[in-house]
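Quantities reported herein were computed from a predicted structural model and do not represent experimental measurements.
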Amino acid sequence: MLKLSSRWFAWTSSVVLAAACCGVAAGEWPLNMTKGVTDVSHNVYGLHMTILFWCIGIGVVVFGVMFYSMAMHRKSMGAKAANFHESTTLEIIWTAIPLLILIFMAVPATSTLKQLYDTEDADLDILVTGYQWKWKYEYLGEEVSFYSNLSDASREQIYGPKEKSTDYLRDVDNPLIIPVGKKVRFLVTAADVIHSWWVPQLAVKRDAIPGYINESWTFVEEPGVFRGQCAELCGKDHGFMPIVVKAVPQAEFDTWLGEQRQAALAVAEAAKQHLSFDELYSQGESVYNARCAACHQPNGAGVPGVFPAIAGSKVATGALEKHLATVVHGVPGTAMQAFADQLTPVQIAAVITYQRNAFGNNMGDSLQPIDVVNFTQNQ
Amino acid sequence: MAHGPAPGFSRWLYTTNHKDIGSMYLWFSFAMFFIGGMFALVIRAELFQPGLQIVEPNFFNQMTTLHGLIMVFGAVMPAFVGLANWMIPMMIGAPDMALPRMNNWSFWILPFAFAMLISTLFMEGGAPNFGWTFYAPLSTTYAPASVTFFIFAIHIMGASSIMGAINIIATILNMRAPGMTMMKMPLFVWTWLITAYLLIAVMPVLAGVVTMMLMDIHFGTSFFDAAGGGDPVLFQHVFWFFGHPEVYIMILPAFGIVSAIIPTFARKPLFGYSSMVYATASIAFLSFIVWAHHMFTVGMPLFGEMIFMYATMLIAVPTGVKVFNWVTTMFRGSMTFETPMLFAIAFVILFTIGGFSGLMLAMAPADFQYHDTYFVVAHFHYVLVPGAIFSITAAVYYWLPKWTGHMYDELMGKVHFWIAFIGLNVTFFPMHFSGLAGMPRRIPDYNPLWADWNMISSVGAFLFGAAQVLFLYNVIKTIAVGRKATTAVWEGSHGLEWTVPSPAPYHTFTRPPDIADDDPHLVAGTP
Ligand code: HEM
Ligand SMILES: [Cu+2]
């Protein structure tokens, strides 16, 4: 009889142990939380493992007693029921012991929490803004900012039987670049609905809430690439809002910042050139597919009741001025965003030209980048 | 006394009989369980492999939203109310509910609420697609037009719940048979009494928050619109002040059910009756001061974060007491494993596992990593499916012979149990892993890293679904051709409901039963 119960015990505990070991050697079948790459993430991981082992321990004891009773105290084995139904001592013991365990756990939890909240004395501030469905990163005081979208490679693999790449849906066009060995503070907010900026390996998750600026921070010691995703239901493309953070050495970071400022000048320069209709149309098509098609659909038909169509739309077949204003300022209170600083003047001119001439709209007119610049400056 | 039910459909439409109304609640809930389950299977089918195969993201969000809403408000809550209607009067020796006319109303407005909710699927712009938590401003400024119907549906469900709760409180406090003191009431009655108070406390909060939404959408206020000076976080505080007690509303009656079943099949009194009552009350109390643990990442001040973390951890203590009491009840019993007992034991084991992941989630710094991932989905399904659904299933098998006068098919019940048990674990256990490995919840498509676990989860979900079809078949078969059940039904039966014949006559206890101090029919474990 005793054999049976010890077999139960051995069986449950070996399953638990096997699961725990696999967690350490996770390969194809990821089992556990990432240890991450920062001091905070190591502490969080430690806390997670400690509480997990307490749970497993208590589970083994409680389920052990239970399985023992089920094996030994069954009527079919001739067990006679006892009649006890109260014991103040027992009940006090099993109130007190869990309480002690909890107090014991509260200590490391509190200190890690304090560490997570310590956003003082940062070397670099980055403003992170969530949009439906992209992120904007602004390096405060550096005059550098850009948007980060799902990469085209991932977008192309969504439909159809195509093989998915390793970073499928976890890859962006413009990753966030941060220097190693520096305390970076993230100021997190949103422009439309609530999003949440989450990078597991940095143990950073902060809700991005319109009207609020939340703070969070990280300190990465070694260069690397860390991936995450938006973690708050934010509408249709919530699953397609990845985050990529690239930590690079300080020198490389400085060069990159310089290049970004250079690129901004180049954009201003490009806005002065004159483009042919065909150039505008074909460039507009790729901008449309990357930025507009998610809502208005690749064929311009929209989604009735949710997203308006472009094909035959009043705006796209009406006055140019109104069309331009809609794209530049967006439509407040809807998913239509202000694209003024998400797209370059060339891109805006191109995509408007495309919309007015594709999907059977055939308006025959077009817009030059300089018109866009003048329009935004006159507002 | 010869007065029986009216013939035909008007019997059901006008009935004020607690047994009829209980049955209607149960069938309604069963129907909703299948509809909500079908929506879950759409979700799991889409998540079977990476890429979008079956539904578009927007429709996927409608499915998660309706699944969550229907399971919570359509399946679990009405099922518990149905059980309360059937059993509470019989357990306390009352002839009916205290307010029978209102009882009829609180049931009949429900089908309208859900018809309205489900009809949004066919409206232009589609059904609500913002999750069952419907956070503003996604659910206000950016919502489909059908959100107004959603708000009305919630109002009606809330009204139904409040009426049901008032009725239950009035019945328990006023209609107990002479001699049945509070501390002699079966635990199911106790847990429902406490649940009813929770309902009355928080359903108005839910009604308030949807009314604020309605004002924001149609009447130009900006409670939740930052651009108009409002506050999106206010929505979450109000929502979770309702929402957290709500999850206990879905579990406390289950505690009562299991506390009835385990002693019966262990043939031993419930261990620690009074500490069960106190633990239930403490859990209910604590449920009001922990709402913000759903919001650890919104950017609360450090001090607030700490207080909510400690309060949340504390809930583990009374919950632990309950589990220890059930295990001790089994210890040195004389156990048999009929279907209700199997479901009750699975409840204790799986609910405990859900409690463990809940304890992990209580650790605020770790919750920063768990929050809004599949780890949370695993956690709440481990408490809801074994917690609410298994306990309801156990209750149905346990009392079905009393309701129908027929015995269910034991073999088929056991087969149902094992398929459901395996299906459930295959579905939800892997979600712990995909969540820890970084898979966010409410996404229609995902990275291949999580593909294997998702495939397994999806297979498990269909298995679980199949088990429920067997359940339906078994219930119908019992009613149609089950063999005759005895009055006491179970060898270890205790309580007044087992003193009336099976099937329970249309009217019971028209003359109150007399309860002596040492009455053997009282709940096992009452001192
Ligand atoms: C066959 C059984 C079930 C399956 C396969 C299932 C599956 C799922 C899945 C895949 C999700 C989506 C998770 C996400 O993307 O965030 C979900 C969400 C949810 N489920 Fe279930 N579920 C089942 C039963 C239940 C039951 C019985 C309840 C309640 C008593 C329930 C309550 C919920 C809730 C509240 C949500 C959250 C909805 C939201 O994100 O807004 N589920 N379920
Ligand atoms: Cu988002």
query: When rounded to the nearest 0.5 angstrom, what distance separates CZ in A:F240 from CD1 in B:I443?
result: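 One finds 8.5 Å between CZ of A:F240 and CD1 of B:I443.
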
- request: Would you give the length of the straight line joining atom CG of B:L449 to atom OG1 of A:T166, rounded to the nearest 0.5 angstrom?
  value: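 Interatomic distance, B:L449 CG to A:T166 OG1, rounded to 0.5 Å: 10.0 Å.
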
Interface moiety of [X] toward chain A, non-hydrogen atoms closer than 4.5 Å:
X	result
B:A266	backbone
B:E491	side chain
B:D225	neither
B:A316	side chain
B:L361	neither
B:A279	neither
B:N129	backbone
B:P318	neither
B:E56	side chain
B:S146	neither
B:M295	neither
B:P50	both

Structural part of [X] lying under 4.5 Å from a heavy atom of chain B:
X	answer
A:N214	side chain
A:I58	both
A:K80	backbone
A:S216	neither
A:L90	side chain
A:T88	neither
A:N43	neither

Winner by heavy-atom pair count (cut-off under 4.5 Å) against chain B, out of [options]:
options	value
A:I97, A:V306, A:D192	A:D192
A:K236, A:K75, A:M70, A:K114	A:K75
A:P200, A:P242, A:G211	A:P200
A:V44, A:I101, A:V40, A:I213	A:V44
A:L169, A:I51, A:L113	A:L113
A:A109, A:P98, A:S41, A:S165	A:A109

Go through [options] and name the one with the most non-hydrogen pairs under 4.5 angstrom from chain A.
options	answer
B:P448, B:A366, B:A226	B:P448
B:D372, B:N61, B:L302	B:L302
B:F375, B:W326, B:F337, B:F296	B:F337
B:G333, B:G320, B:P137	B:G333
B:G125, B:A437, B:S334, B:A364	B:S334
B:Y370, B:Y446, B:F59, B:F356	B:F356

Taking all heavy atoms of [X] and all of [Y], pick out the closest pair and write down the distance.
X	Y	result
A:E91	B:G272	OE1-CA, 4.0 Å
B:F368	A:W198	O-NE1, 4.3 Å
A:E232	B:H371	OE1-NE2, 4.3 Å
B:F331	A:V65	CD1-CG1, 4.2 Å
B:P365	A:L47	CG-CD2, 3.8 Å
A:L102	B:M313	CD1-O, 3.1 Å

Passing option when A:T110 is tested against B:M306, B:E305, B:M363 for side chain to side chain contact (heavy atoms under 4.5 Å, CB included):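 The option that passes is B:M306.
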
A:F84, CZ: over 12 other non-hydrogen atoms inside 6.0 angstrom: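 More than 12 heavy atoms, drawn from other residues, nucleotides or ligands, come within 6.0 Å of this atom.
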
- request: Determine, stepwise, if the pair B:Y135 / A:D207 fulfils side-chain contact (heavy atoms from CB on, under 4.5 Å).
  value: CA-CA 12 Å; B:Y135 281 4; A:D207 289 1; 5.9 Å; no

- request: Could you tell me whether the side chain of B:L436 reaches within less than 4.5 Å of the side chain of A:L31, counting heavy atoms only?
  value: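 Side chain of A:L31 against side chain of B:L436, heavy atoms only: no contact under 4.5 Å found.
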
task: Report yes if the side chains of A:N83 and B:P269 come closer than 4.5 Å at any heavy-atom pair, otherwise no.
output: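 They are in side-chain contact.
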
- request: Take the angle between the ring planes of B:F324 and A:W94 and call it parallel below 30°, perpendicular above 60°, tilted in between.
  value: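 The rings of B:F324 and A:W94 sit tilted, inter-plane angle from 30° to 60°.
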
- request: Would you please say whether a donor-acceptor pair under 3.5 Å links the side chains of B:Y142 and A:Q132?
  value: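 No, because no side-chain N or O of B:Y142 sits under 3.5 Å from a partner of the opposite role on A:Q132.
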
